[in-house]
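Atom set for the values below is all heavy atoms of this structure, side chains included, hydrogens, waters and symmetry mates excluded. In what follows, chains are A, B, ... by sequence order, proteins preceding strands, each numbered from 1. It should be emphasised that the depicted structure is a prediction, and the values quoted were computed from it without experimental measurement.
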Protein chains: 2
Amino acid sequence: MKLNRESEYGIRALIFLARQGRERVLMASTVAQEQDLPQGFLAKIFQKLTRHGVLRSYRGKQRGYALARPPEEIALKEVVEAIEGPDLMDRCIFWSNRCPTSTPCLLHEWYKEIKPQFDQMLSQTTLAAVVQQEASLSALRPAIEPKQAG
Amino acid sequence: MKLNRESEYGIRALIFLARQGRERVLMASTVAQEQDLPQGFLAKIFQKLTRHGVLRSYRGKQRGYALARPPEEIALKEVVEAIEGPDLMDRCIFWSNRCPTSTPCLLHEWYKEIKPQFDQMLSQTTLAAVVQQEASLSALRPAIEPKQAG
DNA sequence: TGATCAGTAGATTAAAAAGGTCCTTTACAT
DNA sequence: ATGTAAAGGACCTTTTTAATCTACTGATCA
């Protein structure tokens, strides 16, 4: 279940986009600059998100990306599955990708009990909720520390 | 929360030792051979487990390792914390080791809700339970496939 | 119509963890 | 004392993850 940095960057970028208002179209390079993310890398992430219908891309004059739907309708699960791959939930929490159902890992039986909790959390939490949570958090945090990694 | 291969090997080896009966003293190299694990690497793991009181080491003629206590009294949590470090439970499930409480990750708030489930599972599951589970599993599995990784 | 600029996509490289070995020292029963 | 494996640290190798590069596509506008 462990997520990689792409998911972190992706969520950060989506939060940023959500804050701009749903309609606002921004170039990947702009978001990268504002959020201090590697721009080529972010471009890749945006491509995945676009392919999976989380973002919408635009070409031509008013080019860039915008949220495909309002953040209240985008579940976190969608986002992370778009980035990490559709088999994310099949990965065991204990030994990420070495746990096929045919030859399950030693703790698979116990993972099965916890898994639904995860699924539910990721399905029910929307991007809007993360935005809100993030806002209340940065309100408390001292202003000295600049942009912070997860 | 993701565990590394040391934990896998460690648990496999402990299962093996538990099956031999609690008192039986076996050398690391023997266990490595029997369970098809890299022996130098396993030696390292055994050292950690010994330091944390899961195994007991013996020197002299009857040398090697044995379980320090009966498997019914060894919680999985003890084992994995011995191997992965005492901060295991502090690691976020989402972004393993980059989530200090001072600057929590974007999903930390949601992890906090799930965390107790984990703790409970690892605390309550004993080595004996894993042995039993593993036994019932291998009884079902076709005999063709030999020693299987997690 | 062709110059431009960012999105699309895959290949490639670089950096960082993880996995595993080796070698030297220590402890202990004989 | 001696021999043996445990103990522990330094080191090397492999794998995974992160990030860059290069070439291509499509929409605008001079």
Q: Looking only at heavy atoms, which two atoms of E134(A) and R19(A) are closest? And how far apart?
A: CG-NH2, 3.5 Å
Q: Quick one: the side chain of R59(B) and the base of dA6(D), do they pair up donor-acceptor inside 3.5 Å?
A: yes
Q: Quick one: on DNA chain C, does G64(A) or K44(A) contact a more 5' nucleotide (nearest heavy atom)?
A: G64(A)
Q: Could you state the atom-to-atom distance from CD of E84(B) to P of dA17(C) in whole Å?
A: 15 Å
Q: Could you give me the CA-CA distance, side-chain angles and deciding distance for K48(B) and E6(B), then say whether salt bridge (Lys or Arg N to Asp or Glu O under 4.0 Å) is met?
A: CA-CA 10 Å; K48(B) 287 187 185 177; E6(B) 287 180 276; 3.2 Å; yes
Q: Please give, in whole Å, the distance from dA18(C) C1' to L37(B) CG?
A: 16 Å
Q: Send over the distance from W95(B) CH2 to dA18(D) P, rounded to a whole Å.
A: 11 Å
Q: Reckon R5(B) has a side-chain N or O less than 4.0 Å from the OP1 or OP2 of dG19(C)?
A: yes
Q: Can you measure L42(B) atom CG to dG20(C) atom P for me and round it to whole angstrom units?
A: 11 Å
Q: Would you indicate, yes or no, if dA7(D) has its OP1 or OP2 atom less than 4.0 angstrom from a side-chain nitrogen or oxygen of S57(B)?
A: yes
Q: Which atom pair, heavy atoms only, marks the closest approach of I45(A) to G10(A)?
A: CG2-CA, 3.8 Å
Q: Check the distance between dC5(C)'s P and Y65(A)'s OH and give it to me in whole angstrom.
A: 18 Å
Q: Need one value for A28(A): base, sugar-phosphate or nothing, where a base atom within 4.0 Å counts as base even if backbone is also close, heavy atoms only.
A: sugar-phosphate
Q: Has the side chain of R91(B) got a donor or acceptor atom that lies under 3.5 Å from a matching backbone atom of L88(B)?
A: no
Q: dG20(C) C1' sits how many Å from E6(B) CD, rounded?
A: 10 Å
Q: Bend angle of the helix from dT1(C)-dA30(D) to dT30(C)-dA1(D) from five-pair axes at both ends, rounded to 10°?
A: 0°
Q: What integer distance in Å separates M27(B):CE from dA7(D):P?
A: 13 Å
Q: Give every residue pair that meets the ring-ring contact (aromatic ring centres under 6.0 Å, His included) criterion with at least one member in residues 31-70 of chain B, sequence neighbours excluded.
A: Y9(B)-F41(B), F46(B)-Y65(B)
Q: Could you report the tightest heavy-atom contact between E23(A) and A66(A), atom names first, then the distance?
A: O-CB, 4.1 Å
Q: Can you check whether C105(B)'s main-chain N or O pairs, donor with acceptor, with W95(B)'s side chain at less than 3.5 Å?
A: no
Q: Is there a side-chain contact between K61(A) and the phosphate of dA27(D), meaning an N or O under 4.0 Å from OP1 or OP2?
A: no
Q: Have a look at Y58(A) and say if it touches a base, only the backbone sugar-phosphate, or nothing, with a 4.0 Å heavy-atom cut-off.
A: sugar-phosphate
Q: Output the single nucleotide from dA6(C), dG19(C), dT8(C) whose closest atom is nearest the side chain of N4(B).
A: dG19(C)
Q: With a 4.0 Å limit, can you tell me whether Y9(A) has a side-chain N or O closer than that to the phosphate oxygens OP1/OP2 of dA18(D)?
A: no
Q: In terms of side-chain geometry, is the basic nitrogen of R69(A) or E78(A) positioned less than 4.0 Å from the acidic oxygen of its partner?
A: yes
Q: Given atom CD of Q39(B) and atom P of dC23(C), what is their separation to the nearest angstrom?
A: 14 Å
Q: Which nucleotide sits closest to the side chain of F41(B): dA7(D), dT21(C), dA19(D)?
A: dT21(C)
Q: Does P38(A) or R51(B) map to a spot on DNA chain D nearer the 5' end, using the closest nucleotide for each?
A: R51(B)
